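If you're wondering where the values come from, they're calculated on a predicted model, not measured in any experiment. Reckoned from all heavy atoms, side chains included, excluding hydrogens, waters and symmetry mates.
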Amino acid sequence: MIFWTASMAGLAVAYLFGSVPTGYLAGKLLKGIDIRQHGSKSTGATNVLRTLGKWPALVVLMVDVLKGAAAIAFAGWFYPWLWTLPSVTPPAAFDPQGWVPWAVGLAGLAVLLGHGRSIWLNFTGGKSAATGLGVLLALSWPVALGAAAVFAVTLAIFRIVSLSSMLAALTAVALICNLEQPLAYRLLVIAGSLYVIARHRANIQRLLAGTEPRLGQSLKPNAESKI
C-alpha cells in the first residue's frame, strides 16, 4: 500500500507542476483581469498574446514549457529514488528499472492534464501545447526540435497558431515512433498529442469554417472558444 501511495504521490506532484496557472496569474498581476473571460478564454500563451501583449506571452510560454520539462525531470529522479527506500517495498517480481519509463510517461500525461485542467481554476486551463513541448524536450530533444521546427514553419506560412500546434503534435508522434525510444515514451507522446489536438476541437471547427483568426487578429465574440 505504501508503494502505490507513494507512486501516486509522484503523479500528483507532476499534475501540480502543470496546474500552475501561468497565464491566469499574468492576467491578474498585469491587468487585474481573469484571462478566461477574454479572447479564446484559454490561459495559454496565445490568448495571453492576444490579451496582454507579446512580452507577457513570451514569459508565459517559457514558464509553460519549463513546467513540462520540470515534471519529467522530477519523475526521472523521484521514482528511482523512491523505489530504493527500505520503507517502500515494491510488489514481488517488480522490476523498478523497467518501470521507470512507464512512471515517467504517466507523469508526462499528468502534467499535460494539470495544465489543461488546473485544480486552481476549477479544472479549466490552456491547451497544453507549450507544456507538451517541455515534456518532449525532457524526453527526447530531437523529437522536440522536429516538432518545434514544423510549428515554426507552419506558423510562418499560415500564421495560425492552432494549426501549427496540431501539426507539431502529429510530427512528434511520427518522430517518436521512428526513433529508438521506450514503448512507454512512444505511448505518452501519442496520447499526449491526441490530448492536445482534442483540446483544440473548437479551433478545428473554426478552421473548417474559415473563421480561425491568424496571429495578431482578435477572435470575434461569436467565435470564442468554449474550452
Side-chain angles (χ1 to χ4, degrees), residues 10-26 35 42-49 54-79 100-121 124-152 154-155 161-162 164-176 179 181-182 184-200:
L11 298 182
V13 171
Y15 170 84
L16 291 174
F17 269 117
S19 68
V20 175
T22 319
Y24 174 83
L25 292 175
I35 198 170
S42 169
T43 62
T46 303
N47 199 36
V48 173
L49 174 63
K54 62 180 181 180
W55 291 112
L58 180 60
V59 172
V60 169
L61 175 65
M62 293 176 62
V63 174
D64 285 348
V65 170
L66 286 173
K67 291 192 309 188
I72 295 300
F74 166 78
W77 162 81
F78 176 75
Y79 286 105
V100 166
W102 293 97
V104 171
L106 290 173
L109 292 178
V111 71
L112 293 179
L113 181 62
H115 180 81
R117 301 294 183 186
S118 173
I119 192 174
W120 311 116
L121 300 178
T124 60
K127 294 169 183 172
S128 302
T131 302
L133 176 60
V135 169
L136 289 176
L137 283 169
L139 285 179
S140 175
W141 64 264
V143 174
L145 291 184
V150 168
F151 176 90
T154 306
L155 186 63
V161 176
S162 60
S164 304
S165 298
M166 289 186 285
L167 288 179
L170 293 175
T171 300
V173 172
L175 290 174
I176 200 74
L179 294 176
Q181 294 290 338
Y185 291 179
R186 294 181 181 184
L187 293 177
L188 160 63
V189 173
I190 292 171
S193 295
L194 291 175
Y195 176 73
V196 168
I197 292 172
R199 293 288 291 160
H200 282 83

Subject >> Residues which pass side-chain contact (heavy atoms from CB on, under 4.5 Å) with Phe78, listed by chain and number, not counting sequence neighbours >> reply: Phe74, Trp81, Leu82
**OP:** Measure from the side-chain N and O atoms of Tyr15 to the backbone N and O of Ile119, and report whether any donor-acceptor pair falls under 3.5 Å.
**Re:** yes
Subject >> OH-CZ distance between Tyr195 and Arg117, expressed to the nearest 0.5 angstrom >> reply: 5.5 Å
**OP:** Go through the structure and list residues passing side-chain hydrogen bond (donor to acceptor under 3.5 Å, both in side chains) with Ser162, not counting sequence neighbours.
**Re:** Glu212
Original post:
Is there a side-chain contact between Leu155 and Val161 (heavy atoms, below 4.5 Å)?
Top reply: yes
Original post:
Can you name the side-chain hydrogen bond (donor to acceptor under 3.5 Å, both in side chains) partners of Thr154, sequence neighbours left out?
Top reply: none
**OP:** Not counting sequence neighbours, which residues clear side-chain contact (heavy atoms from CB on, under 4.5 Å) with Leu187? List them please.
**Re:** Trp102, Leu183
Donor-acceptor contacts under 3.5 Å from residues 136-147 side chains, at least two apart:
from, atom 1, to, atom 2, distance (Å)
Ser140, OG, Gln181, NE2, 3.4

Original post:
Does any pair with a residue in residues 102-111 pass salt bridge (charged side-chain N to carboxylate O under 4.0 Å, His left out), and if so which ones, sequence neighbours excluded?
Top reply: none
Original post:
salt bridge (charged side-chain N to carboxylate O under 4.0 Å, His left out): which pairs involve residues 61-71, sequence neighbours left out?
Top reply: Asp64-Lys67
**OP:** Mind checking side-chain contact (heavy atoms from CB on, under 4.5 Å) for Leu58 and listing every partner two or more places apart, or none if nothing turns up?
**Re:** Trp55, Met62
Original post:
Does the side chain of Ile197 reach to within under 4.5 Å of the side chain of Leu170, using non-hydrogen atoms?
Top reply: yes
Subject >> Residues forming a side-chain contact (heavy atoms from CB on, under 4.5 Å) with Ile190, sequence neighbours excluded >> reply: Val173, Cys177, Leu194
**OP:** Provide the full list of side-chain hydrogen bond (donor to acceptor under 3.5 Å, both in side chains) pairs with a residue in residues 69-79, sequence neighbours left out, each pair given once.
**Re:** none
